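In what follows, a structure is listed as structure tokens, so that the remarks can point back to it.
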Amino acid sequence: MECRKLLKGSGPLVGMIMVQVISTGLQILSRVILTQGTFIFALMAYRHLLAALCIAPFAFFLERGNGTKLTLMVGVWVFLSSLSGITMGMGMFYYGLRDTTATYATNFLNLIPIVTFMFSIITRIEKLNLRTTKGKVRVAGTILCLAGALIISLYAGSVVISGSHHAHLPTLMIAKIVKPDWTRGTIILVASVLSYATWFIVQVKLLNAFPSKYWATMLTCISASIQTAVVGLCLDRRKTSWQLRWNLQLITIVYSGVLASAASFYLISWAVASRGPTYPAMFNPLSLIFVAIIEVLLLGEDLRTGSLLGMLAIIVGLYFFLWGSRKEKKIESPLPKSVKGEIQVMKSYEREGSQLSATVVPTTSPVSHSSDEQHDGL
């Protein structure tokens with residue numbers, strides 16, 4: 001009996017570690033195939049078509065007959081969601097990942113909750129609450145994360161661990177067709193974070209108009225697949241760019257659609273239902289650590305002082321931010337009705353757990369901006 005209770009209690013912990021392992025695998029696979037010349041928009045089109053197929057059973061069986069109607073306005077928000085979160089957000093992330101390294105790019109993903117929080121302040125969905133200790137801690141965490149990002153971007157430093165002495169998989173060290181461009185990659189990654197943060201704000205509107213999370217996710221993936229296919233065909237119509245073969249690209253597409261989307265969503269939703277909405281986000285730094293280790297051991301990338309210091313600052317800042325978000329007490333204020341409605345939808349978004357974070361964002365999940373309530377969704 002005690003053993004069963006222990007296993008049941010450790011279930012969310014094991015599940016979140018599995019999510020980070022899956023995320024790590026996705027980052028490494030994506031990095032390898034992108035540097036080998038894989039066409040990014042073809043990768044995204046196939047990935048999200050497969051993701052839609054994986055999520056479809058959840059939509060049809062779990063949300064069948066819930067009375068939610070698909071209107072023109074819902075279609076507009078679905079389009080904007082796929083545009084900001086996938087076509088632009090993920091597209092730019094992949095370009096930034098191709099121009100830098102998986103460790104470097106993953107650091108920026110941990111900034112998404114921070115930038116989303118800043119956007120929420122600007123749009124008045126949230127308040128700073130600097131009069132409370134928790135509010136001050138959350139702001140301090142935000143500043144620390146941004147400082148970490150600046151350190152990573154502006155300071156390389158000396159080599160701490162040389163990857164050339166640890167690479168053990170020569171089959172992955174295939175000649176890179178695309179050469180790195182760190183300046184361009186950094187700018188694109190910053191733009192990707194801004195786009196992802198905008199996407200989270202769009203979710204407030206989408207779930208207000210269409211609260212069925214599985215249907216919203218499936219429709220967003222379908223819309224994203226169409227958008228990326230159209231953009232991709234405008235950029236490159238060569239058959240070789242779109243042709244699927246039995247290679248690492250096909251493995252990455254299946255891996256990302258099945259594991260990084262459907263499986264990760266189930267595990268994240270389960271963890272949030274039992275431990276609350278900030279629980280999954282607490283594990284995000286694990287993927288950063290895993291990616292850094294694997295890049296050194298398998299891909300031969302160097303680990304430098306700047307990356308190490310920036311990584312540490314981002315991890316500490318993220319935990320400060322999550323702790324402040326978790327402990328922030330609800331403060332009643334005479335907000336406009338529209339703003340109150342958006343806050344309520346944001347809480348609903350956290351309770352119900354939009355699948356989009358698992359489907360779209362490579363490693364991060366949305367964090368709670370409310371009080372210590374026990375939520376039952378992502």
Side-chain angles (χ1 to χ4, degrees), residues 12 16 19-20 23 89 105-153 189-190 192-201 203-204 268 271-272 275-289 291 307-331 343 346-347 349-351 353-354 357-358 361-375 377-378:
M16 290 304 93
V19 167
Q20 298 309 317
S23 298
T106 304
N107 274 298
F108 283 85
L109 288 176
N110 284 301
L111 297 177
I112 295 174
I114 307 300
V115 179
T116 304
F117 167 65
M118 295 170 64
F119 279 11
S120 298
I121 296 297
I122 294 172
T123 56
R124 297 187 179 183
I125 292 178
E126 282 215 57
K127 297 182 68 176
L128 280 174
N129 293 329
L130 289 176
R131 295 181 180 179
T132 65
T133 302
K134 311 305 183 296
K136 293 176 182 177
V137 169
R138 189 160 60 165
V139 172
T142 300
I143 295 173
L144 195 56
C145 282
L146 295 177
L150 288 175
I151 292 173
I152 292 172
S153 302
L189 286 171
V190 170
S192 173
V193 171
L194 294 174
S195 184
Y196 273 133
T198 303
W199 169 76
F200 276 114
I201 302 300
Q203 297 316 294
V204 177
I268 290 173
V272 176
R275 298 294 177 88
T278 61
Y279 190 74
M282 292 172 61
F283 291 84
N284 287 338
L286 282 181
S287 65
L288 178 58
I289 297 172
V291 166
S307 294
L308 202 58
L309 292 175
M311 189 188 308
L312 180 61
I314 289 176
I315 291 174
V316 174
L318 181 62
Y319 279 122
F320 272 30
F321 177 81
L322 291 173
W323 184 82
S325 297
R326 178 69 176 172
K327 298 298 182 180
E328 182 69 32
K329 300 300 181 181
K330 182 179 178 181
I331 300 176
I343 293 176
M346 179 66 85
K347 291 179 180 179
Y349 170 48
E350 291 166 349
R351 287 195 302 269
S354 175
S357 66
V361 181
T363 59
T364 57
S365 1
V367 296
S368 172
H369 302 307
S370 58
S371 60
D372 294 329
E373 299 173 306
Q374 181 67 30
H375 303 288
L378 182 58

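Note that these values count all heavy atoms, side chains included, but never hydrogens, waters or copies made by symmetry. These numbers come from a predicted model, not from an experiment.
We find the CD1-CD1 distance between Ile314 and Ile151 to be 8.5 Å, quoted to the nearest 0.5 Å. The CD1 atom of Ile114 sits 9.0 Å away from the CG atom of Leu144 when rounded to the nearest 0.5 Å. For the atom pair CG (Leu288) and OG (Ser23), the distance works out to 11.5 Å, reported to the nearest 0.5 Å. Atom CG in Leu318 sits 9.5 Å away from atom OG1 in Thr142 (nearest 0.5 Å). Remark: Tyr196 OH to Ile201 CD1 distance equals 15.5 Å, nearest 0.5 Å.
Using a 4.5 Å heavy-atom cutoff, the side chains of Cys145 and Phe321 are not in contact.
For Val193, the side-chain contact (heavy atoms from CB on, under 4.5 Å) partners two or more places apart in sequence, or in a different chain, are Phe108, Leu111, Ile112, Val115. Leu286 is linked by a side-chain contact (heavy atoms from CB on, under 4.5 Å) to Ile17, Gln20, Phe283, Phe290, counting only residues two or more places apart in sequence or in another chain. For Ile143, the side-chain contact (heavy atoms from CB on, under 4.5 Å) criterion is met by Val139, not counting sequence neighbours.
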| said: Under the criterion side-chain contact (heavy atoms from CB on, under 4.5 Å), I'd like the reasoning laid out for Phe119 against Leu194: C-alpha separation, chi angles, the key distance, then a yes or no. | reply: CA-CA 9 Å; Phe119 279 11; Leu194 294 174; 3.9 Å; yes
| message | Using side-chain contact (heavy atoms from CB on, under 4.5 Å), reason through Leu312 and Val316 one step at a time and then give a plain yes or no. | response | CA-CA 6 Å; Leu312 180 61; Val316 174; 4.2 Å; yes
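Closest approach of Asn107 to Met311, counting heavy atoms only: OD1-CA, 3.6 Å.
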